[in-house]
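To keep things clear, I will list the structure first and then write my remarks on it.
Atom set for the values below is all heavy atoms of this structure, side chains included, hydrogens, waters and symmetry mates excluded. Protein chains get the first letters and strands the later ones, always in sequence-line order, with residue 1 at the start of each.
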2 protein chains.
Amino acid sequence: MAPTYTMAGGKGPNSYSQHSTYQRALLEVAKEKISEAISTKLEINSASNRFNIADFGCSTGPNTFLAVQNIIDAVGQKYGKETQLNPGDNIEFHVLFNDHSNNDFNTLFQTLPPTKRYFVSGVPGSFFGRVLPQDSLHVGHCSYSLHWLSQVPKGIADQNSPAWNKDIHCTGFSEEVAEAYLDQFKIDMGSFLRARGEELVSGGLLFLLGSCVPDGVKMSETMKGMLLDHLGNCLNDVAKEGLINEEELDSFNFPIYPAHVAEFKSVIEDNGCFTIEAFEKISHANEEFPLDPEFLATTNRVTFGGVIESRFGKEAMERTNELYEKKCPEILPELANAKSGMQFFIMLRRN
Amino acid sequence: MAPTYTMAGGKGPNSYSQHSTYQRALLEVAKEKISEAISTKLEINSASNRFNIADFGCSTGPNTFLAVQNIIDAVGQKYGKETQLNPGDNIEFHVLFNDHSNNDFNTLFQTLPPTKRYFVSGVPGSFFGRVLPQDSLHVGHCSYSLHWLSQVPKGIADQNSPAWNKDIHCTGFSEEVAEAYLDQFKIDMGSFLRARGEELVSGGLLFLLGSCVPDGVKMSETMKGMLLDHLGNCLNDVAKEGLINEEELDSFNFPIYPAHVAEFKSVIEDNGCFTIEAFEKISHANEEFPLDPEFLATTNRVTFGGVIESRFGKEAMERTNELYEKKCPEILPELANAKSGMQFFIMLRRN
Ligand SMILES: Nc1ncnc2c1ncn2[C@@H]1O[C@H](CSCC[C@H](N)C(=O)O)[C@@H](O)[C@H]1O
Ligand SMILES: Nc1ncnc2c1ncn2[C@@H]1O[C@H](CSCC[C@H](N)C(=O)O)[C@@H](O)[C@H]1O
């Protein structure tokens, strides 16, 4: 089984569910766009009373609840306008929450909104494969998940390969490394779109949101890239202190790749199942992280702590995080001058 | 929120998943009956490639995997015979695993059979209400779950009520208590059937398996009843030792009621949505528990330990279980003379 990378589970102080307001802000600004898209682009089959919505990479909540409620509200409004009927009495919404099978679904299920008016399913499994029956989905949603690759690109971890990467992510400065990451992204994103193409009904909508990199910008020129470089430096320090084996660290890479705009577009076009209805830059309040070492360290911990711990152990993870926060002030001036990253809002319609 | 009662989670030595061979034995003998029922009573719509199966009260596995696989195999065989097509290429099975939202779904999802050929959903929520969309289910299954009521019957825990029960379950010896339990069973089983009636397609099948009590027999005359009485005695001892408050114990009851055959039948008839295709006694190898104190104590612990712990704390639960095993030899002669309980196999067809 391929290793999987999930967010910190539970509801405690170091959990994703307590530290996902950054991601939440994007959903809040996307609400209106999604609402408009559904009102103008979705055809509602008023003969059927069933409407299925899936969130791919839902994590443990609570953001996913907001995301699906926005969609339900928009569909309900459109239905009400078109039919003059009360959607609550006539449509049964079924929400399918997808994430890796080692995601903390228990927390998700135990924190479902008490006022929800939809049927709930948790759907375990990688979204790079099929997880739902054919033609069973009306609207799909996926936020802040598509930068996770299915695996570390081939060659990257191999010291004898030209694509060997001593950094822990795709900084953008080595062509071979960038190519290896891009190849993996193309494979994965292609699989994602193929699977969704089979699951979505014709005319169904797919909303993709998250971080990408503007064309011409290198990851390590953005704040998020710099923070990953900072994490890499801290891991190096911990290796020098002896808690991490240096060679193991040299071959350690995060399977993440925030693609460039043009790369994203070309994979969608190559897939051919979807019409791109929107591909926009979208801004939100928390877009650039606040330059606050404590905040940055906590964000780093809930997002990447699990991967580091599973690879190097808990003590190394704790120490890394400690250094991360302590040394953060050194990089604040650099962060302040970073090039902008980009948050994307993509809307695809199944042909 | 009403309290819910789930089996011991995880995969450890005290987990349900390690101690459910008793229940499993019933599924093994039911396999043939289910297979035959599907072959003769199910109409397969060969125009649709979708087939949805739900297991209500699935717990953490592994029994549920066996139950649904038996159904899938039988449907596949029937499909193959009728259409001469390979079911694997033509039908997409979607399995919906239902249990309380505080069931350990994480364990369920992490132990899915690697060779499974179906889509998976975990469906959290009480099966006494709707958990699935209308007309979305082809075959439902529920084993060893319907003796759990939604709540302790009204009056039972109230020392001033004529139905006040000093015992911890419905022994069968007090008429008022028995009536209160039966009333609750009728309400709950009625809700269960109403919900399944809406979820199942017309012609869909519902298999119900579990323990009930033969007409004319009192629960406390059966081995399972005697074991509950034994548990009650041990809880009393622990109360005398001071770990449990005696008054609290006096008002403590298990929300379980293995109904009598006639009671079960009449609720189904009153509901009116289903035709009873089979209502049989079914025997299995492990049917009467082995007279082995260690086995009995472990079974007691994984089944009822959670309820006891959540009400009286971990220490009281541990102590109760210790006494349960230690004092078990005293009741072995009585157990050896118990009247037979009954395992039922019910097959209902949605009208
Ligand atoms: N291949 C894959 N299949 C399913 N889920 C995946 C995945 N790769 C990453 N994920 C999940 O994607 C999530 C990213 S965190 C984002 C959570 C949520 N959508 C929000 O916006 O707040 C994690 O829970 C991770 O487990
Ligand atoms: N109202 C309810 N709704 C959903 N699940 C329920 C329920 N009442 C009891 N259960 C579940 O029923 C299960 C009984 S244990 C039986 C498990 C499995 N069917 C087997 O045969 O091995 C428990 O997991 C319990 O949580």
Side-chain angles (χ1 to χ4, degrees), chain A residues 1-2 4 6 9-10 47-54 58 60-61 89-127 129-138 195 198-199 201, chain B residues 1-2 4 6 9-10 48-55 58 60-61 89-127 129-138 195 198-199 201:
Chain A
M1 211 183 77
T4 53
T6 54
S48 162
N49 67 347
R50 221 175 295 166
F51 199 95
N52 299 341
I53 297 167
C58 62
T60 57
D89 302 337
N90 293 281
I91 315 187
E92 294 193 339
F93 289 99
H94 191 174
V95 175
L96 302 122
F97 293 102
N98 161 259
D99 209 294
H100 281 305
S101 54
N102 61 348
N103 179 55
D104 183 1
F105 280 96
N106 286 352
T107 293
L108 183 81
F109 287 168
Q110 285 158 27
T111 55
L112 289 165
T115 56
K116 71 171 171 45
R117 297 193 55 183
Y118 47 82
F119 296 111
V120 172
S121 281
V123 177
S126 171
F127 54 47
R130 284 279 303 284
V131 291
L132 295 173
Q134 245 174 28
D135 291 332
S136 66
L137 189 60
H138 300 95
E198 293 181 25
E199 293 164 358
V201 299
Chain B
M1 211 181 79
T4 53
T6 53
S48 162
N49 65 349
R50 219 175 295 168
F51 199 95
N52 298 342
I53 296 167
D55 190 25
C58 62
T60 56
D89 301 339
N90 292 281
I91 316 188
E92 294 194 338
F93 289 99
H94 190 175
V95 175
L96 301 122
F97 294 101
N98 161 258
D99 209 294
H100 281 305
S101 53
N102 60 349
N103 179 56
D104 183 1
F105 281 95
N106 286 353
T107 293
L108 183 82
F109 288 169
Q110 285 157 26
T111 56
L112 289 165
T115 56
K116 72 171 170 48
R117 297 193 56 184
Y118 48 82
F119 296 111
V120 171
S121 280
V123 177
S126 170
F127 53 48
R130 284 278 303 284
V131 291
L132 295 174
Q134 246 175 25
D135 292 331
S136 67
L137 189 61
H138 300 95
E198 293 181 26
E199 292 164 0
V201 300

Pick one of side chain, backbone, both or neither for [X], based on which atoms fall under 4.5 Å of a heavy atom in chain A.
X: B:Asn52; result: neither
X: B:Thr107; result: neither
X: B:Val131; result: backbone

[X] to [Y] - nearest heavy-atom pair and separation:
X: B:Ser121; Y: A:Val123; result: OG-CG2, 3.6 Å
X: B:Asn106; Y: A:Phe105; result: OD1-N, 2.9 Å
X: A:Pro124; Y: B:Leu112; result: CG-CD1, 4.0 Å
X: B:Gln110; Y: A:Asn102; result: NE2-CA, 3.4 Å

Between [X] and chain B, with a heavy-atom cut-off of 4.5 Å, which part of the residue counts as in contact: side chain, backbone, both or neither?
X: A:Leu96; answer: side chain
X: A:Asn103; answer: backbone
X: A:Asp135; answer: both

At a heavy-atom distance under 4.5 Å, which candidate from B:Gly125, B:Ser136, B:Gly9 has the highest pair count against chain A?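 Between B:Gly125, B:Ser136, B:Gly9, the count favours B:Ser136.
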Nearest 0.5 Å please: distance from the CD atom of B:Glu198 over to the CD atom of A:Glu92. 8.0 Å
Within this structure, what is the NE2-CZ distance for the pair A:His100 and B:Phe109, rounded to the nearest 0.5 Å?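 Reported value, rounded in 0.5 Å steps: 14.5 Å.
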